[in-house]
2 protein chains.
Amino acid sequence: MKTRLHSKTTRQEPLADLTGRLRKRSRRVTGPRQAILETLRQHAHPLTNKEIFAAMPKGNCDLATIYRSMHLLEEMGMVKRFHFGDGAARFELVSEGDDGHHHHLVCVRCSQIVEIEDCFPHELEEAIAARNGFKAITHKLEFFGVCPRCQSP
Amino acid sequence: MKTRLHSKTTRQEPLADLTGRLRKRSRRVTGPRQAILETLRQHAHPLTNKEIFAAMPKGNCDLATIYRSMHLLEEMGMVKRFHFGDGAARFELVSEGDDGHHHHLVCVRCSQIVEIEDCFPHELEEAIAARNGFKAITHKLEFFGVCPRCQSP
DNA sequence: ATCGCTGCAAAAATTTTGCAGGTAA
DNA sequence: TTACCTGCAAAATTTTTGCAGCGAT
């Protein structure tokens, strides 16, 4: 149980595999979609739609297309959506086979993000589900604090 | 360690105590602020700004005022802000002395909310903070699932 | 009598949608 | 060819802000 150091296995799923997942679901492999997936592939941390838009080669696609694509990719389980408290959704690629379950440690000053693999024991979640009669329980957990660099004024 | 059943002690801080907290900080006790606090007091679960607005007696105050008040109350530690995934912040009163730390179990179908007092061991958070050199660590944890009523189609 | 607070209106920021044309399969 | 996708533009949401006047202290 330790902090994930973004292993290659997590980030290096080739673009071809990603687009293959689109094909398998009869979704078209278009320029914008490839550019979005490639952008996400090259970033270790969740990106907002605007950040994806800005990171893409010369206005390669419309912002509305990014919004639509993120909905599609989320529904397909290819990306995961996070909310860090400013009113902007952030997205991160989910590797094939991986359920993408992990958390983040966010600096409240500079917004630096560290990925965290730790999680609490599964029994806690099961107990909460059972006690309240809920099924299909999941959770979202994010940590906030002041990063080392922001501690020295 | 069990689900909180909204005890009186949690919800019955009198309005006068709440406004007293404003006075202590040299904040004015106005009509809108009293109406907002009273509305929050009467609801066991987090409310959006719009819900507060709608729940208030006959348009008793402007929506912009609610936004401004929630910022003030949040900064004073009198309310806590939550995000459940739709892009709308929700607010809940924090009792005096209480740190307001608790979580929610949200039905993904009907949005019913159950308050959860359980939490994971503090050591996990401390370990994460230490390992990454972060200070003043906090966390946000929300559970999602399908509530009993929504399980029968 | 202050100065903070509010309402109103306008603006900003984020996200969604309609439509006509373009393109992957 | 034929759906699916995209760009563009407009709209819908959520939140913030400017300003003049009102009101708590």
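The structure presented is a predicted model; accordingly, all values stated were derived computationally and were not measured. Just so we're on the same page: letters track the sequence lines, and every chain starts at 1.
The interatomic distance linking B:Met70 (CE) with D:dT14 (P) rounds to 16 Å, in whole Å. Rounded to whole angstrom, the span from the NZ atom of B:Lys24 across to the P atom of D:dT25 amounts to 15 Å. Nucleotide D:dT14 holds its C1' atom 13 Å from the CD1 atom of B:Ile66, rounded to whole Å. D:dT15 atom P lies 17 Å from atom CG of B:Leu72, rounded to whole Å. Regarding A:Asp86, its CG atom lies at a distance of 11 Å from the P atom of D:dT16, rounded to whole Å.
Taking a cutoff of 4.0 Å between a charged side-chain nitrogen and a carboxylate oxygen, A:Glu92 and A:Lys80 do not qualify as a salt bridge. Between B:Glu142 and B:Arg90, none of the side-chain N atoms (NZ, or NE/NH1/NH2) sits under 4.0 Å from a carboxylate O, so this pair counts as no salt bridge.
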*Reading nucleotides 14-24 of chain C from the 5' end, what letters show protein touch, with B for base, S for backbone sugar-phosphate only, - for no heavy atom under 4.0 Å?*
SBBBB-----B
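Residue A:Ser26 is the one, among A:Ser26 and B:Asp62, whose nearest nucleotide of DNA chain D lies closer to the 5' end (criterion: closest heavy atom).
Checking the phosphate oxygens (OP1, OP2) of C:dG4, no side-chain nitrogen or oxygen of B:Arg27 falls inside 4.0 Å.
Taking every heavy atom of both residues into account, A:Ile116 and A:His102 meet most closely at O-CB, 3.5 Å.
Within the 4.0 angstrom heavy-atom criterion, only backbone atoms of the sugar-phosphate kind lie near B:Asn60; the bases stay farther away.
Less than 6.0 angstrom separates the ring centroid of A:His101 from the ring centroid of A:His139.
A donor-acceptor contact under 3.5 angstrom links the side chains of A:Glu38 and A:Gln42, judged on distance only.
Partners of B:Glu75 according to the salt bridge (Lys or Arg N to Asp or Glu O under 4.0 Å) rule, which considers only residues two or more places apart in sequence or in another chain, are B:Arg27.
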